[in-house]
Amino acid sequence: MTVAPPLNPPVRTLMGPGPSDIHPRVLEALGKNTVGHLDPYYLSLMDDVQRMLRELFRTQNELTMAISATGSAGMEATVVNLIEPDDKMVVCVNGVFGGRMADVAERAGAKVVRAERPWGEVFNVEDLRSVLAKERPKVVGIVMAETSTGASQPIEEISKLVHEHDALLLVDAVTSLGGIPVEVDGWQIDAIYSGSQKCLSCPPGLAPISFSPRAMEVIKSRKTKVRSWYLDVSMLASYWGSDRAYHHTAPINMSYGLYEALRLIHGEGLENCYARHQLNHVALASGLEQLGILYAAQEGHRLPMLNAVKIPDGIDDAQIRRELLQRFGIEIGGGLGAFKGKVWRIGLMGYAARSGNVLLFLGALEQLLAEQGHKFQHGAGVAAANAVYLDQP
Ligand SMILES: *Cc1c(COP(=O)(O)O)cnc(C)c1O
């Protein structure tokens, strides 16, 4: 057998829907000495991770931890612990990830009712009131930052409605956490999950989750066993809690990465971190406007960390994305589902949300669009973004 070549991954600028750029301090943390998963050092690191996650989720929830798997496992963990066979769940679907949640819930044995909105739009209280009054679900699931459309879903009002109907609110915060405010206690969210590779500047592999005391009561009074052994939070809680009962071998070095990522966010300060995402989004949007490129999501509900924009007529989607990668080392995302071939998804998540990335991307895009004969004033995109940065105090 011939041995495969040595590892030599290219340096990329990750500006797609995730994974996003990894902060150098996080990459360095991943290579630190591995200890055992019951080593006192690791146990105290778990406590710190929990504490920093609670601060990030803005919650006092005791059950706040990181699942050893990606964001989709966070989705599965929240659903499978709250749902028993034949429970009713309303899932709000206005993009790929709402659709995935409905699929996960069906597989968990729920009777799923899909509430739908067109892609790029968000739900309001009036859309859901009659559905909840009629269906009386146990759980309502909704995606806060729909990464397939770039739409930002307001949660607070919907949470009130859900609780007026005595249901539990389950929120997908995979793309929102670390990029825009997430107020678990303030908005009375009952179950929430995220992923390490979007706005946390960490590689994929961990899914922060949190359950409210109300959700824990529901879990404690289940009549049937949770259908997933690995994701049963009661067992996971005894590893993360004071029992420290062995459950599975935690991915030690990934936890180092998350630990460092959380230190970075809290060191910067949550408000500063959100303001940085917003500033870079405004700079990017100003630049794109000069190139005649429009957003796909509803006005007033656009995510700063995921810019889904319409591909101009006559432009070759695949060629632009290929050349961005090959000639400039930049990765952006193409469209999914209903948006396939119609939108680009430009991520400004975590460490990727910085002016160097915005200017590099706009400069590269201008060159490629000009080569394809797209009409715009050359240089205007970069200049507009710079004007936003120069306007900062
Ligand atoms: C990325 C993403 C997921 C899935 O996370 P994975 O880490 O890819 O499993 C779920 N929901 C949303 C909104 C996402 O953006």
Side-chain angles (χ1 to χ4, degrees), residues 10-21 94-97 118-121 145-152 175 198 277 279-349 352-389:
V11 176
R12 300 291 195 213
T13 299
L14 296 176
M15 296 179 70
S20 53
D21 279 350
N94 56 353
V96 165
F97 293 103
W119 282 45
E121 295 184 17
E146 183 45 85
T147 322
S148 61
T149 68
S152 176
T175 285
K198 310 265 168 122
H277 281 85
L279 171 67
N280 286 294
H281 160 70
V282 171
L284 176 70
S286 308
L288 291 172
E289 190 183 351
Q290 294 300 314
L291 311 183
I293 293 178
L294 306 171
Y295 276 71
Q298 188 179 341
E299 174 106 60
H301 293 284
R302 291 174 185 159
L303 291 167
M305 74 290 271
L306 197 282
N307 298 261
V309 299
K310 295 177 185 155
I311 301 169
D313 287 342
I315 295 299
D316 184 334
D317 171 25
Q319 187 177 344
I320 295 273
R321 284 189 289 125
R322 189 170 56 243
E323 304 222 340
L324 277 172
L325 190 70
Q326 288 173 355
R327 285 163 50 188
F328 301 95
I330 301 172
E331 178 180 289
I332 65 165
L336 286 180
F339 280 177
K340 194 168 169 38
K342 298 189 181 132
V343 309
W344 288 320
R345 293 181 301 149
I346 307 154
L348 293 171
M349 299 183 181
R354 58 193 202 277
S355 57
N357 278 10
V358 169
L359 297 172
L360 173 69
F361 170 73
L362 285 170
L365 185 65
E366 286 198 26
Q367 191 180 125
L368 298 176
L369 288 174
E371 283 173 6
Q372 289 200 17
H374 184 60
K375 294 276 177 289
F376 64 99
Q377 194 195 330
H378 294 180
V382 171
N386 261 327
V388 171
Y389 293 122

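Residue numbers count from 1 along this sequence. Here the structure is a predicted model, which is why all the values come from computation and not from measurement.
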Is there a side-chain contact between [X] and [Y] (heavy atoms, below 4.5 Å)?
X      : Y      : result
Met15  : Leu360 : no
Leu325 : Arg12  : yes
Asn280 : Pro304 : no
Phe97  : Thr175 : no
His374 : Ile320 : no
Ile293 : Leu369 : yes
Ser148 : Phe339 : no

Please give me the minimum heavy-atom distance between [X] and [Y], naming the atom from each residue.
X      : Y      : result
Ala296 : Val343 : CB-CG1, 4.0 Å
Ile311 : Gly341 : CD1-O, 3.6 Å
Leu359 : Ala385 : CD2-CB, 4.0 Å
Gly333 : Pro17  : CA-CD, 3.7 Å
Leu362 : Gly381 : CD1-O, 3.7 Å
Asp316 : Gln372 : N-OE1, 2.8 Å

Qualifying residue for side-chain contact (heavy atoms from CB on, under 4.5 Å) with Trp344, from Leu365, Asn307, Leu288
Leu365
Between [atom1] on residue [X] and [atom2] on residue [Y], distance to nearest 0.5 Å:
X      : Y      : atom1 : atom2 : result
Leu348 : Leu279 : CG    : CG    : 10.0 Å
Ile330 : Glu323 : CD1   : CD    : 12.0 Å
Leu336 : Lys342 : CG    : NZ    : 12.5 Å
Ile315 : Glu371 : CD1   : CD    : 10.5 Å
Leu303 : Tyr295 : CG    : OH    : 10.5 Å

Answer yes or no: is there a donor N or O on one side and an acceptor on the other, between the side chain of [X] and the main chain of [Y], under 3.5 Å?
X      : Y      : result
Glu146 : Asn94  : no
Glu366 : Gly379 : yes
Asp21  : Thr13  : no
Ser20  : Lys198 : yes
Arg345 : Gly334 : yes

Tell me, yes or no, whether the heavy-atom count around Glu289 atom CD, taken from other residues, nucleotides or ligands under 6.0 Å, exceeds 12.
no
